[in-house]
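Working notes, beginning with the structure itself.
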Amino acid sequence: MKAEAVLSFFLILIPSLSEFQNPFFLTFFNHFSIDSEQTVTGRLNEDLILPCLFESGPEVAIHWKIRGQNVHSYKGSNKLERQDPKYANRTSLFRSEIHNGNASLCLIKLNLQDDGSYIWCTGTESGKTTNKIVLKMGAFLMPMMKYETRNTSTFLTCCVLMIYPHPTITWQAGNTTVSESTMEELEPSPPFYIKSTLNVTFSNKFYECVIGNSLLKQTWRGQWVMKEHLHKVQSEDISLSCQLANNFSLPNQDFIVTWSRMKSGTSLVLAYFLSSSQNTVISESQFSWNKELINQSHFSWTLTDLALSDNGEYLCNISSSKYTLLMVHTLRVATQPQEPESGPADLALALSKSASSPLGSPPHRFALQFTFQLTDLQPNHDRRPHAGHQLACICHLA
């Protein structure tokens with residue numbers, strides 16, 4: 001089988017090298033063998049150098065091929081007449097380094113079809129070198145996390161728009177692995193478009209999604225957290241916090257921070273910050289950002305002179321190529337302060353009655369009954385009836 005592959009390569013190689021009137025090639029074709037093999041990894045849309053080092057000498061000839069197709073040839077100058085069209089304007093050699101024994105091939109704008117085994121051969125009047133470079137292509141572009149509410153349900157979606165090979169996607173709620181997510185493959189041919197959706201059942205927990213690409217040894221993390229509900233009165237100000245988790249940082253990474261208000265199924269961008277340009281854009285006059293805190297990766301903001309229309313969920317999104325944080329605050333604005341909220345342990349009754357009887361008349365006895373509906377302070381600060389529990393107080397005052 002190996003002999004057949006060698007013969008096939010030999011037959012294809014002769015026409016493309018016939019223009020090289022060099023004794024090396026006559027010897028080479030009679031003694032063709034691969035000296036070594038090397039594997040490299042390429043990324044979709046990026047550039048890559050396929051390495052090729054040889055012992056230099058006079059009359060250098062260089063030839064690169066894949067699957068019987070000519071990728072790049074050189075002898076004194078580039079010989080590209082028989083080059084495979086899909087490599088047109090995408091290959092180059094380091095001309096100034098050839099005399100130093102460097103015949104490495106620069107391949108630009110990689111695509112998944114570039115995957116495969118490249119065979120290069122170099123020769124001079126004094127010898128030859130032949131090697132194989134196995135290029136394995138991968139893709140990992142535009143991972144993201146989305147948050148949405150449908151009726152009374154909350155959903156998180158992790159997706160990656162272009163990935164190859166198939167990724168691993170895992171979910172955690174707190175420190176517990178979650179397996180109830182749904183996986184969809186929206187683009188069946190590579191690069192794949194894949195998303196995983198999870199129904200959030202515990203809004204007070206911290207959720208994390210991890211997407212991994214084993215070939216590229218690359219991991220992306222998305223994190224979501226729901227902060228406590230906030231209650232304010234019209235005309236007041238409020239500050240909402242947003243900062244990275246303790247185990248994450250963004251050094252030497254470009255990232256974007258976006259604040260949005262989510263209400264009735266729609267999302268309105270209030271402000272965003274671009275780390276690459278240090279540019280801050282604010283679309284609401286009520287909104288203000290503390291620039292000193294931004295320099296410390298703390299993206300809290302202040303909303304002034306609150307109105308009833310400011311009710312809703314406020315979403316902070318910090319995203320880079322390796323990490324996304326979604327932090328949600330729920331704001332309720334009222335026309336007047338709410339009564340202090342209480343639970344069963346805080347209930348206290350104070351009754352007083354002063355009565356005077358006409359002089360000389362016997363004491364009078366009053367029977368008064370008060371019935372109270374207990375309320376329980378829930379984690380989301382809603383006042384909900386404690387079903388079936390009432391407190392009756394009968395007081396006899398003399």
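Nothing here was measured: the structure is a model prediction, and the numbers come from that model. Positions are given from 1 along the sequence. Note: hydrogens, waters and symmetry copies are ignored here, and every other heavy atom, side chains too, is used.
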message: Tell me which pairs pass side chain to side chain donor-acceptor pair (under 3.5 Å) where either residue lies in residues 158-171, with sequence neighbours left out.
response: H166-E185, W171-S196

Pairing residues for K86 by the salt bridge (Lys or Arg N to Asp or Glu O under 4.0 Å) criterion, not counting sequence neighbours: none

So, [X] and [Y]: side-chain donor and acceptor under 3.5 Å apart, yes or no?
| X | Y | result |
| --- | --- | --- |
| Q243 | S241 | no |
| Q286 | D310 | yes |
| S104 | E97 | no |
| E184 | Y193 | no |
| T157 | T197 | yes |
| T302 | S239 | yes |
| N317 | S319 | yes |
| R90 | Q83 | no |
| H63 | S73 | yes |

field: N151 side chain to S153 backbone, donor-acceptor under 3.5 Å
entry: no

Looking only at heavy atoms, what is the nearest atom pair of [X] and [Y], with distance?
| X | Y | value |
| --- | --- | --- |
| I211 | C158 | CD1-CB, 4.4 Å |
| C52 | T122 | SG-CG2, 3.8 Å |
| L135 | G42 | CD1-N, 3.7 Å |

Taking the side chain as everything from C-beta on, heavy atoms only, tell me whether [X] gets closer than 4.5 Å to [Y].
| X | Y | value |
| --- | --- | --- |
| V210 | I169 | no |
| I66 | I119 | no |
| L331 | I238 | yes |
| L93 | N78 | yes |
| W120 | K65 | no |
| Q234 | L306 | no |
| T41 | L215 | yes |
| V225 | V328 | no |

query: In the single-linkage hydrophobic clustering (I, L, V, M, F, W, Y; side-chain heavy atoms under 4.5 Å), do M142 and V160 co-cluster?
result: yes

query: Honestly curious: do L44 and L161 fall in one hydrophobic cluster under the side-chain, below-4.5 Å linking rule?
result: yes

- prompt: Please walk me through it: do F299 and F273 pass side-chain contact (heavy atoms from CB on, under 4.5 Å)?
  reply: CA-CA 9 Å; F299 306 100; F273 168 77; 4.1 Å; yes

query: Is R150 positioned over the aromatic face of F155, cation under 6.0 angstrom from the ring centre and no more than 45 degrees off axis?
result: yes

- prompt: Are W301 and F287 near enough that their ring centres are under 6.0 Å apart?
  reply: yes

message: Is the distance from the ring center of Y147 to that of W224 below 6.0 Å?
response: yes

query: In a check of side chain to side chain donor-acceptor pair (under 3.5 Å) between Y314 and each of R261, K263, H329, which one passes?
result: R261

